[in-house]
2 protein chains.
Amino acid sequence: MSPLSHRFVMHFGEMGSRWGINRTVGQIYALLFVTERPLHADEIAEQLAFSRSNVSMGLKELDGWRLLRRSYLPGDRREYFAAPDDVWLIFRTLAEERKKREIDPTLTLLRDALLEPSNDPSDGRAQQRMGEMLAMIEMLTGWFEDMRKLDQATLTKLMKLGTGVVRLIEMKDKLVGVRGEQSANDQVPPSPLPGA
Amino acid sequence: MSPLSHRFVMHFGEMGSRWGINRTVGQIYALLFVTERPLHADEIAEQLAFSRSNVSMGLKELDGWRLLRRSYLPGDRREYFAAPDDVWLIFRTLAEERKKREIDPTLTLLRDALLEPSNDPSDGRAQQRMGEMLAMIEMLTGWFEDMRKLDQATLTKLMKLGTGVVRLIEMKDKLVGVRGEQSANDQVPPSPLPGA
DNA sequence: CTGTAATTTCAGGAATTACTGAAATGATAG
DNA sequence: CTATCATTTCAGTAATTCCTGAAATTACAG
C-alpha cells in the first residue's frame with residue numbers, strides 16, 4: 001500500500017470509534033474506498049494484518065450499513081468487495097443508516113411515551129420538554145426525508161445556493177404577499193451534519 | 001422521578017453508546033433536560049444512583065460539548081446545572097460539536113495529504129478518491145456553515161418549505177432565464193415533487 | 001490563616017467491546 | 001456424493017472503556 005493510502009486507512013481506523021464503528025471496520029472501508037479493484041477477504045486481511053475472521057465480521061458490519069458492493073470473478077469462488085463508486089451515494093446511505101440507528105429509536109420512544117395519558121401530576125414538565133424535543137426531531141426528520149427525495153443535481157444546486165435561498169424566499173413572500181403556511185406534509189427536518 | 005421521566009432517562013442511557021457518549025453522560029443530560037430546576041451534583045448522583053465522582057466526570061464531558069448551563073443559589077456554595085431551555089440551541093450546539101469531532105479531523109487530513117505532491121505513481125487512484133471525498137465534504141460543510149448562520153425563524157421557514165424550495169429555484173430560473181453559467185451538473189430534471 | 005464544604009483527579013477493579021484461532025457451516029467442482 | 005475451498009460462527013482472551021472510593025485540590029467563610 002502506498003504511503004498516501006496507508007495514511008488514509010490509518011486515519012479511518014482512528015476515527016472509527018468517534019463514528020460508532022471500530023478500528024477494523026474503519027480501516028477495511030478506507031482500504032476498499034481507495035482501492036481501484038474489488039478485493040477478496042484474504043487480501044484485506046493481509047493488507048491490514050487482521051485475522052481472517054475479523055475481516056469477515058467487519059464486512060458483515062459494513063454490509064449492515066449497506067455500504068458494500070459485492071462481486072465475483074469468473075472461475076474464482078471467492079467473493080470480492082468494493083465501496084460504491086459514487087461518494088454521494090455513500091454519503092446518503094450513511095446518513096440514512098445513522099438516522100435509523102441514532103434518531104428513529106428516540107422518535108419512537110417520544111411518540112409512545114407522549115401518547116399514553118399520564119396520571120402523575122408531576123409529569124407536566126417532562127411532558128412539556130419531551131414534546132419540544134419531539135417537535136424538533138419531527139421537523140428535522142421530515143425535512144431530511146424531503147431532501148432525501150431530491151436527485152443529486154438538485155441537491156447540489158441547492159447547497160451551492162447556500163444562504164442565497166433565503167433571498168428567494170423573501171422574494172416569494174414579497175410577491176405572494178406573505179407567509180402562507182405550507183400544507184401539512186411540508187414539515188421537514190434537516191440534518192445538517194450527517195454524521196460521519 | 002416520575003415513570004415518564006425515568007423512561008426517558010433510561011432511554012438516553014441506552015442510546016448513549018450509539019451517540020458516542022456513555023450511559024452516565026446520557027442519563028445525566030436526560031435528567032437535566034426534563035427537570036424544571038437546576039440540580040447540583042449530589043442530587044444528580046442520588047437520582048441516578050451513580051457515584052459522585054462519576055457525575056463529576058459526566059458533567060465535565062457535557063461541558064466539553066457546551067451543553068450545560070451553570071448557576072448558583074445565593075448562600076449556597078454548590079454549583080447547579082441545567083440544560084439550555086431552547087431545544088434548537090441544544091441541537092445547533094450538538095451539530096457543531098459533532099462536526100468538529102467527526103468531520104473536521106478528516107477534512108484536515110484530506111487537505112494535508114492532497115497538498116503534498118506524491119512521487120509514488122501508484123497513488124493515482126487514492127488521490128482521485130480522496131479528492132472526491134474532500135470535494136463532497138467541503139460542499140457539505142460549506143452548506144452547513146451557511147445554514148448555521150441563519151436565525152432560527154428563517155431556518156424553520158426553510159425546513160417547513162421542504163421540497164417546495166425546488167419550485168422556488170425553478171421559478172427563479174424561469175424568471176431570470178437560465179444562463180449558460182449554470183453548468184452541466186446543475187440541470188434540474190423533473191424531480192419528484194411530493195408536495196406539489 | 002484555619003477549617004470545612006465542594007469538587008476534581010486518579011489508581012485500580014468491573015464491565016464492555018474487540019480480536020483471534022479453531023471448528024462448523026456453506027458452496028461448488030468433479 | 002465427496003473433496004476442497006471459502007466463509008462464518010463462536011468461545012476464550014486481549015484491549016479498551018467505564019465507574020468507584022479515596023486522596024488531592026479548590027473555594028470560601030469565619
Side-chain angles (χ1 to χ4, degrees), chain A residues 9-32 37-65 67-82 101-102, chain B residues 9-10 12-32 37-65 68-82 101-102:
Chain A
V9 166
M10 290 300 118
H11 175 81
F12 263 57
E14 284 168 28
M15 293 298 289
S17 56
R18 303 194 192 188
W19 298 335
I21 59 178
N22 62 35
R23 192 175 57 105
T24 312
V25 175
Q27 290 193 14
I28 291 175
Y29 206 68
L31 177 64
L32 295 180
R37 70 186 173 79
L39 301 175
H40 59 74
D42 284 311
E43 287 177 300
I44 298 171
E46 191 202 335
Q47 292 231 39
L48 302 178
F50 292 143
S51 71
R52 179 63 184 75
S53 57
N54 198 8
V55 170
S56 180
M57 289 189 300
L59 289 169
K60 190 181 173 187
E61 168 86 6
L62 286 170
D63 199 53
W65 285 85
L67 288 172
L68 240 40
R69 275 194 317 122
R70 293 156 175 272
S71 58
Y72 288 94
L73 248 48
D76 185 340
R77 286 203 208 168
R78 293 169 300 189
E79 191 166 16
Y80 284 75
F81 301 89
R101 293 157 197 244
E102 301 181 5
Chain B
V9 167
M10 290 301 116
F12 263 57
E14 283 168 30
M15 293 300 288
S17 56
R18 301 195 193 185
W19 297 336
I21 58 178
N22 62 35
R23 192 175 58 102
T24 312
V25 175
Q27 290 193 13
I28 290 174
Y29 206 68
L31 178 63
L32 295 180
R37 71 188 173 78
L39 300 175
H40 59 75
D42 284 312
E43 286 177 301
I44 298 171
E46 191 201 335
Q47 292 231 41
L48 301 177
F50 292 142
S51 72
R52 179 64 184 72
S53 59
N54 197 7
V55 170
S56 179
M57 290 190 300
L59 289 170
K60 189 181 172 185
E61 169 86 6
L62 285 171
D63 199 54
W65 284 85
L68 239 40
R69 275 194 315 124
R70 294 157 175 270
S71 58
Y72 287 94
L73 248 46
D76 185 339
R77 305 231 282 235
R78 293 169 300 190
E79 191 166 18
Y80 285 75
F81 301 89
R101 294 155 197 245
E102 302 181 4

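Lettering of chains follows the sequences in order, A, B, ..., and the numbering in each one begins at 1.
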Novice: Give me, pair by pair, the N or O atoms of the protein and of nucleotides 14-16 of chain C that are less than 3.5 Å apart, along with how far apart they are.
Specialist:
none

Novice: B/E14: which residues meet the side-chain hydrogen bond (donor to acceptor under 3.5 Å, both in side chains) condition with it, sequence neighbours left out?
Specialist: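 For B/E14 there are no side-chain hydrogen bond (donor to acceptor under 3.5 Å, both in side chains) partners, ignoring immediate neighbours.
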Novice: For B/F81, give me all partners under ring pair (Phe, Tyr, Trp, His ring centres under 6.0 Å), at least two apart in sequence or on another chain.
Specialist: none
Novice: What string of B, S and - do you get for nucleotides 5-18 of chain D, 5' to 3', if B is base contact, S is sugar-phosphate-only contact and - is no contact with any protein heavy atom under 4.0 Å?
Specialist: BSSBB--------S
Novice: Kindly write out the residues that satisfy side chain to side chain contact (heavy atoms under 4.5 Å, CB included) with B/A41, not counting sequence neighbours, or none if the list is empty.
Specialist: B/R52, B/V55, B/L59
Novice: Take the protein atom CG of A/L73 and the nucleotide atom P of C/dT28, then report the distance between them rounded to whole Å.
Specialist: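 Taking CG of A/L73 and P of C/dT28, I get 15 Å after rounding.
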Novice: Going by side-chain hydrogen bond (donor to acceptor under 3.5 Å, both in side chains), name the residues that satisfy it together with B/S56, two or more places apart in sequence or in a different chain.
Specialist: none
Novice: Decide yes or no for B/Y80 and B/R70: does some side-chain heavy atom of the first lie under 4.5 Å from some side-chain heavy atom of the second?
Specialist: no
Novice: Could you list the residues that satisfy side-chain hydrogen bond (donor to acceptor under 3.5 Å, both in side chains) with A/E61, not counting sequence neighbours?
Specialist: A/W65
Novice: List the residues meeting side-chain hydrogen bond (donor to acceptor under 3.5 Å, both in side chains) with A/E46, not counting sequence neighbours, and say none if there are none.
Specialist: none
Novice: Which donor-acceptor pairs under 3.5 Å do the side chains of residues 23-31 of chain B make with protein atoms, sequence neighbours left out?
Specialist:
| unit_1 | atom_1 | unit_2 | atom_2 | d |
| --- | --- | --- | --- | --- |
| B/T24 | OG1 | B/N54 | ND2 | 3.2 |
| B/Y29 | OH | B/L67 | O | 2.7 |

